Novice: 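I'd like to ask some things about the structure below.
Reminder, nothing fancy here: chain letters follow the sequence lines and each chain counts from 1. Everything numeric in this text was worked out from a predicted model, so none of it was measured.
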2 protein chains.
Amino acid sequence: MESRPLRYFVAVAEELNFTRAAERLGISAPPLSRAIRALEAELGAVLFERTTHSVALTPAGTVLLEQARIALDALDAAGHRARRAVEPKLVLAVKADSGGGLLEGILAGYAADPAAVPIGVRLCGWGEQASLVRRGEADAALVHEPFDHTGLDAETVAVEPCVAALPVGHPLAAREAVAVAELGLPFSAPVSAAELHRFQVGIVERHGIRDLSQILALVELGELVTLLPVSVGERYPRPGVAYVPVPDAPPAVLRIVWPRESRSRAVAALVRAAAGRRD
Amino acid sequence: MESRPLRYFVAVAEELNFTRAAERLGISAPPLSRAIRALEAELGAVLFERTTHSVALTPAGTVLLEQARIALDALDAAGHRARRAVEPKLVLAVKADSGGGLLEGILAGYAADPAAVPIGVRLCGWGEQASLVRRGEADAALVHEPFDHTGLDAETVAVEPCVAALPVGHPLAAREAVAVAELGLPFSAPVSAAELHRFQVGIVERHGIRDLSQILALVELGELVTLLPVSVGERYPRPGVAYVPVPDAPPAVLRIVWPRESRSRAVAALVRAAAGRRD
DNA sequence: AATGTTTACGCATAGCGTAAGCATG
DNA sequence: CATGCTTACGCTATGCGTAAACATT
């Protein structure tokens, strides 16, 4: 099994369109089509049901997609970890503004550990943290649940209630507390963390958001209403935005994650510093 | 990161000799040498310290070797699992004669589980079981400790005392029990499972052994003395071989292992059948 | 008819082998 | 001085692009 055909396969499986997948890969459609056919021949399994206007994964293709992502991540990880082994330094991936002030404490606590090595923080975008760890670009990451745990171990760093971010003029902005149902969000009564996450991802994708200040700007303009961990609200006050507790929203769970097979003392020390020796 | 240079790298890292590695890969030495240099350039890291007569891994190379094995196993696994997804069937890897009669019970118990699918047993050689699971050629395996747990989850199936296999004429053959120290094996006083395992591997490699009957034949001839789980001795009596309990030997631990990320109902059912609902 | 996958054909280049160079034990 | 890694050079074959055919909506 070679890596290139697998990369091609993943592109097609994600786009479900040979032309777009080829563009993404920087090649033309014909060699891509042939590569997939060759892969199917090698495996002795049909990977896509295709008509001229539709492409869909077969059961074998679905299995291969899941396994290929794991394998390609592991391949990337091999390269990145070997490269970074030249001058060992810990990298912690963090989404900007997500720690709500905990990051400083974690880094200070870590620096006091005898197993500490130099550490750097890698800021990244929404939902990239876990992937950076899987691909070996970071040694650990701070991530809010829910996320894909594949290949990762995790410890809880903080659990805290959510607040709604509302424009100051909003009817609910002066309330002591609000219920999720009152916010007019597309949720059924007891909202799950997974539903909330899908909603947030939807916002981020629709508006092309890159950081928290963009969200708050949109809230201020009355363009959207969203939920945030209370510590984030406290840390980023903004004149035009009011934060109101939402007791029935699922709590925000912040976790530190690291590669499952890691036996690094330095990573273990960082986890201890972040999770507060909860072991 | 492409897979072929990594395969080449692993061959060199394992052989610590470009010529032998090239033979093993079925290519000649020059392209191998170039491939490694290209890989080093791509990574920006020296992987081997080489003089004309010696090749040694650098720290970066050591990291890459470990990571490359994981990645290449995952790559193999992607192919095998996709291929096998065409007609789903569970494969259990077992070393011939290692189950001591437990295998039948496990398979029968599994067949009674509502989540059961067709199952096949894949017989394999010494120390191959875990690797077969990692590479996706099997869905689970029965393995004696110790083995490399990388990427695998495990449950204990059986723990049992060891017996020494001795030729009937041996001075200790008529004893009720013997101590490890009396057997004249190259161990210090409290023998660890790891030491015992290294010793067994040594025997297997030196004599080119492929199954239990070869070992027993050598014991019968007085060529060697070894330790076995008691159930194996009971199951394979042999006129010229006496089995004597060795109370101070580490117990034999048989485990069932499966891929860490597996969420298969069928695998879970097999584990239940093997581990006896110990959850 | 228009969109999107596939086949046909010609070309560039990645990767291999042979032969010779060179450093080290 | 012999073993074994490396450089030099020429070739094969894998894999890409363009053009055109074909099938489906």
Novice: Could you tell me the separation between the CZ atom of B:Arg20 and the P atom of D:dT3, rounded to a whole number of Å?
Specialist: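 Distance check: B:Arg20 CZ to D:dT3 P gives 14 Å.
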Novice: Please tell me whether B:Phe9 and B:Phe48 form a close aromatic pair, meaning their ring centres lie under 6.0 Å apart.
Specialist: yes
Novice: Can you tell me if B:Arg81 uses its side chain to pair, donor with acceptor, with the backbone of B:Glu137 under 3.5 Å?
Specialist: no
Novice: Between P on D:dC5 and CG on B:Leu25, what's the gap in Å once rounded to a whole number?
Specialist: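 These atoms are roughly 13 Å apart.
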Novice: Supply the atom-to-atom distance A:Leu6 CG to A:Gln67 CD, rounded to the nearest 0.5 angstrom.
Specialist: 10.5 Å
Novice: Using the side-chain heavy atoms of A:Asn17, tell me which of these nucleotides is nearest: C:dT5, D:dC16, C:dG25.
Specialist: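 That would be C:dT5.
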Novice: When you measure from the side chain of B:Arg37, which nucleotide among D:dT7, D:dG4, D:dC16 comes out closest?
Specialist: D:dT7
Novice: Kindly point out which of D:dA23, C:dC16, C:dA19 is positioned nearest to the side chain of B:Pro30?
Specialist: C:dA19
Novice: Go nucleotide by nucleotide along DNA chain D from the 5' end; which of A:Leu32 and A:Thr51 gets its closest nucleotide reached first?
Specialist: A:Leu32
Novice: Base, sugar-phosphate or nothing for A:Phe48? Non-hydrogen atoms, less than 4.0 Å.
Specialist: nothing
Novice: If only side-chain N and O atoms of A:Thr19 are considered, is one of them under 4.0 Å from the OP1 or OP2 phosphate oxygen of C:dT5?
Specialist: yes
Novice: Look at the side-chain N and O atoms of A:Ser28 and state whether any lies under 4.0 Å from the OP1 or OP2 oxygen of D:dG17.
Specialist: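 It does, given that an N or O in the side chain of A:Ser28 lies less than 4.0 Å from OP1 or OP2 of D:dG17.
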Novice: The test is side chain to side chain donor-acceptor pair (under 3.5 Å); show your working for B:Glu2 and A:Ser3 and say whether it passes.
Specialist: CA-CA 6 Å; B:Glu2 292 301 315; A:Ser3 57; 2.8 Å; yes
Novice: To the nearest angstrom, how far is A:Leu47 atom CG from C:dT6 atom C1'?
Specialist: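 After rounding, the gap between these two atoms is 17 Å.
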Novice: Please determine, for the side chain of B:Ile27, which listed nucleotide (D:dG4, C:dG17, D:dG15) has the closest atom?
Specialist: C:dG17
Novice: Send over the distance from B:Ile36 CD1 to D:dC5 P, rounded to a whole Å.
Specialist: 12 Å
Novice: On DNA chain C, nearest-nucleotide positions of A:Ala29 versus A:His53: which is more 5'?
Specialist: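 Per heavy-atom nearest nucleotide, the more 5' residue is A:His53.
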Novice: Give the rounded distance in Å between these two atoms: CZ of A:Phe18 and C1' of C:dT7.
Specialist: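 To the nearest whole Å, that distance equals 14 Å.
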Novice: Inspect the contact between B:Glu14 and B:Arg24 and indicate whether a charged nitrogen and a carboxylate oxygen are less than 4.0 angstrom apart.
Specialist: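 Here B:Arg24 pairs with B:Glu14 in a salt bridge, since their nearest N and O are under 4.0 Å apart.
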Novice: Using a heavy-atom cut-off of under 4.0 Å over every strand shown, decide if A:Arg34 touches base, sugar-phosphate, or nothing.
Specialist: base
Novice: Using whole Å, what does the distance between atom C1' of nucleotide C:dT5 and atom OH of A:Tyr8 come to?
Specialist: 17 Å
Novice: Figure out the CD/P separation between A:Glu2 and D:dA13, and round it to whole Å.
Specialist: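 These atoms are roughly 18 Å apart.
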Novice: Can you tell me the distance, in whole Å, between the CD atom of B:Glu49 and the P atom of C:dG25?
Specialist: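 Taking atom P of C:dG25 as the reference, CD of B:Glu49 is at 13 Å.
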Novice: Of the candidate nucleotides C:dG4, C:dT6, D:dT6, which contains the atom at the shortest distance from the side chain of B:Ser33?
Specialist: D:dT6
Novice: Using 4.0 Å as the upper bound for N to carboxylate O, is an ion pair formed by B:Glu40 and B:Arg50?
Specialist: yes
Novice: B:Pro31 has a side chain; which of D:dC5, C:dC16, C:dG25 sits nearest to it?
Specialist: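 For B:Pro31, the side-chain atoms sit closest to C:dC16.
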Novice: Ignoring backbone atoms, test whether A:Arg50 places a side-chain nitrogen or oxygen under 4.0 Å from the OP1 or OP2 oxygen of D:dA23.
Specialist: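 No.
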